[in-house]
A.B. asks: 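Have a look at this one.
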Amino acid sequence: MPTTEKPENAPEHCPGPSTEQAGKASACEGCPNKNICATTPKGPDPDLQIIKEKLSSVKHKILILSGKGGVGKSTFTAQLGFAFSSDENIQIGVVDIDVCGPSIPKIMGLEGEQIHQSLSGWSPVYVQDNLGVMSIGFMLPNPDDAVIWRGPKKNGIIKQFLKDVDWGELDFMLIDTPPGTSDEHLSIAQFLKESGIDGAIVITTPQEISLQDVRKEIDFCKKVKIPILGVVENMSGFVCPNCKGESKIFAPTTGGTKKMAEDMKIKYLGSIPLDPRIGKSCDMGISFLDEYPDSPACKAYLNIIEEIKQHFTKKN
Amino acid sequence: MTETETETKSTHLTGIKHIILVLSGKGGVGKSSITTQLALCLAQKGHKVGILDIDLTGPSIPRMLGLDDQQVHQASSGWVPVYSDENQKLCCMSIGFLLQNKDDSVVWRGPKKNAMIKQFLNDVCWGNLDYLIIDTPPGTSDEHISIVEYLKDVNPDGAVIVTTPQAVSLSDVRKELNFCKKVKLPILGVIENMSGFICPHCEECTNIFSAGGGEAMATEFGVEFIGRVPIDPSLTIILEKQGDENISSSSSENNLIKKYSESNLFKVFTKITDKIIELNQQKINQQEISQREIIQQEINQREIIQQEINQ
């Protein structure tokens with residue numbers, strides 16, 4: 001990210017790396033970054049303005065984040081999308097910025113679909129009239145192809161998803177992210193800086209191994225100033241379908257998500273139990289919530305989604 | 001400059017007999033836990049093992065080995081890896097040891113991550129190791145391209161691919177297999193993790209994340225299927241507990257290998273480890289055979305030329 005502020009270890013009279021004087025001021029003599037500062041383009045990225053205009057018709061932008069992989073970011077994003085879209089008056093867009101491992105097409109039952117190009121840009125793939133989806137999965141000639149890209153190329157495609165897609169009027173844009181705190185995360189935060197992110201929903205599983213990565217993600221959100229809507233605990237207990245006995249597969253040895261949320265002073269949205277049918281629904285690309293509306297996991301989902309909805313109705 | 005770089009790299013990595021990468025396209029499938037278990041099994045067999053954790057934005061290895069609060073020390077020859085036991089059978093290096101506060105996020109773009117990985121390979125003095133196991137983040141991006149590139153000269157043995165059985169995970173792991181093919185990294189085989197959970201109350205086995213998908217994929221891609229690892233919450237408990245005990249007494253560190261060797265998963269994993277060693281040996285033998293063949297061909301050709309000259 002072309003930082004606008006001076007780095008901590010900069011020389012005393014550093015003009016700041018994104019100013020006109022960068023690399024040219026007298027204080028820059030002898031600075032090891034002189035060359036980098038002098039050659040990188042100055043001023044704000046002109047594309048940010050275009051993105052802002054393009055996304056001015058999007059009311060709310062929500063990020064789904066987690067420091068840890070495989071905790072259910074994509075599953076949650078998809079279910080949130082399905083649940084919102086049951087109201088025909090709400091328009092939803094889902095953006096999958098996990099470039100190296102896109103799961104959204106499969107989970108939402110859109111495998112094998114293609115992107116169409118029109119005069120106003122790429123048109124997203126629609127699950128139903130009010131639920132559009134964009135993912136790199138739609139662009140691969142073969143679904144098994146590896147996307148072996150370094151950072152800059154990933155950032156390029158993310159920018160295109162925001163800039164070149166004809167999203168139209170949207171009430172919610174849900175952004176599904178890869179695990180970590182690297183290129184994709186910095187870029188999306190940077191690209192949406194002008195148009196504003198409403199907040200992030202952080203997903204975790206109960207065990208400490210996962211929580212320690214998620215704490216890093218929360219630290220990241222604080223650093224880049226993305227507000228956190230709340231944290232969701234996924235896979236939080238397994239009820240045996242045979243004997244109804246409950247077991248903690250991912251044992252919360254350090255107090256679990258609730259305690260972490262208290263420690264870090266963020267909202268705890270709720271927990272979702274582990275249900276083999278969730279994974280199965282994802283594999284088949286159908287909505288778990290529509291398929292098993294009576295299951296405890298579905299109720300847990302709906303409670304959390306209701307809470308998120310409330311947050312936005314209050315805001316409006 | 002580049003020459004001196006490769007020289008230092010080779011001096012630190014030449015003492016290592018085998019290098020194995022643990023890869024997966026999907027996150028949270030158990031790369032770090034498989035890495036840890038593989039290392040513990042190998043160490044239990046008497047090998048000297050090192051773990052290199054190149055998951056820079058989410059390092060898990062320090063916690064799994066109960067080394068959360070350890071620091072890296074600097075010696076004249078480079079960074080000293082952190083040893084988990086007194087006999088120095090198991091050591092590891094991770095960015096987790098370099099952070100001031102363990103909850104700090106590492107918000108880095110590609111180039112900085114690559115530089116860090118390079119530094120891990122160049123500056124860590126591993127000493128003599130039988131195995132170096134490299135734990136990676138999910139995906140097929142900067143870290144993966146870089147590690148393969150930097151290891152090119154030292155010929156890593158190959159990659160162990162970890163997956164869970166459900167289709168969503170498999171579709172990402174297929175990408176990883178294609179990545180290995182593209183960058184010509186040999187694949188040792190596929191491990192299916194989290195396949196089945198045995199209810200502690202009624203002994204009924206439930207396939208939470210479906211079953212059998214890993215094996216089917218291995219056959220489809222023509223790679224070896226190494227084995228299945230069931231979900232066992234006791235592993236989390238062993239790994240987590242030793243972290244707590246460490247605070248009270250430092251000698252209990254040694255117990256991790258011992259404690260693990262008493263758990264149920266150890267039996268499953270010994271078989272997997274044996275298979276990996278065997279596959280490794282096969283690969284090496286094949287390489288030796290093919291090298292011998294090449295040499296033999298050259299000798300033959302020379303003889304032919306010699307004969308022609310003589311005539």
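So that the names make sense, note that chain A is the first sequence line, chain B the second, and so on, each numbered from 1.
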A.B. asks: Tell me, side chain or backbone of A/Ile218 under 4.5 Å from chain B's heavy atoms, or both, or neither?
C.D. replies: neither
A.B. asks: Checking A/Lys222 against chain B: side chain, backbone, both or neither under 4.5 Å from a heavy atom?
C.D. replies: neither
A.B. asks: Under 6.0 Å from the NZ atom of B/Lys152, do we count more than 12 heavy atoms belonging to anything else shown?
C.D. replies: no
A.B. asks: Sort A/Asn142 into side chain, backbone, both or neither according to what part of it lies under 4.5 angstrom from a heavy atom of chain B.
C.D. replies: neither
A.B. asks: Is it the side chain or the backbone of B/Thr206 that comes within 4.5 Å of chain A heavy atoms, both, or neither?
C.D. replies: side chain
A.B. asks: Please tell me whether B/Ser141 and A/Lys154 have a donor and an acceptor in their side chains that are separated by less than 3.5 angstrom.
C.D. replies: yes
A.B. asks: Using non-hydrogen atoms only, which part of A/Leu274 is less than 4.5 Å away from chain B: side chain, backbone, both, or neither?
C.D. replies: side chain
A.B. asks: Check this for me, if you would: do A/Arg215 and A/Asp263 make a salt bridge, where the nitrogen-to-carboxylate-oxygen distance has to be below 4.0 angstrom?
C.D. replies: no
A.B. asks: Would you mind checking which part of A/Lys153 comes under 4.5 Å of any heavy atom in chain B, side chain (CB onward), backbone (N, CA, C, O), both or neither?
C.D. replies: neither
A.B. asks: A/Glu184 versus chain B, heavy atoms under 4.5 Å apart: side chain, backbone, both or neither?
C.D. replies: neither
A.B. asks: Let me know if A/Asp213 has heavy atoms under 4.5 Å from chain B in its side chain, its backbone, both or neither.
C.D. replies: side chain
A.B. asks: Can you tell which part of B/Lys181 gets under 4.5 Å to a heavy atom of chain A, answering side chain, backbone, both or neither?
C.D. replies: neither
A.B. asks: What part of A/Lys280 gets within 4.5 angstrom of chain B, counting heavy atoms only: side chain, backbone, both, or neither?
C.D. replies: neither
A.B. asks: Answer yes or no: is there a side-chain heavy-atom contact under 4.5 Å between A/Gln114 and A/Phe138?
C.D. replies: no
A.B. asks: With a 4.5 angstrom heavy-atom cut-off, is it the side chain or the backbone of A/Ser74 that approaches chain B, or both, or neither?
C.D. replies: neither
A.B. asks: Below 4.0 angstrom, N of the basic side chain to O of the carboxylate: do B/Glu215 and B/Arg228 qualify?
C.D. replies: yes
A.B. asks: With the threshold set at 4.0 Å, does a side-chain nitrogen-carboxylate oxygen contact exist between B/Arg109 and A/Asp183?
C.D. replies: yes
A.B. asks: Less than 4.5 Å to any heavy atom of chain B: does that hold for the side chain of A/Pro178, its backbone, both, or neither?
C.D. replies: neither
A.B. asks: To the nearest 0.5 Å, how far apart are CG in A/Asp145 and CZ in B/Arg174?
C.D. replies: 12.0 Å
A.B. asks: Where on B/Asp232 is there a heavy atom nearer than 4.5 Å to chain A: the side chain, the backbone, both, or neither?
C.D. replies: neither
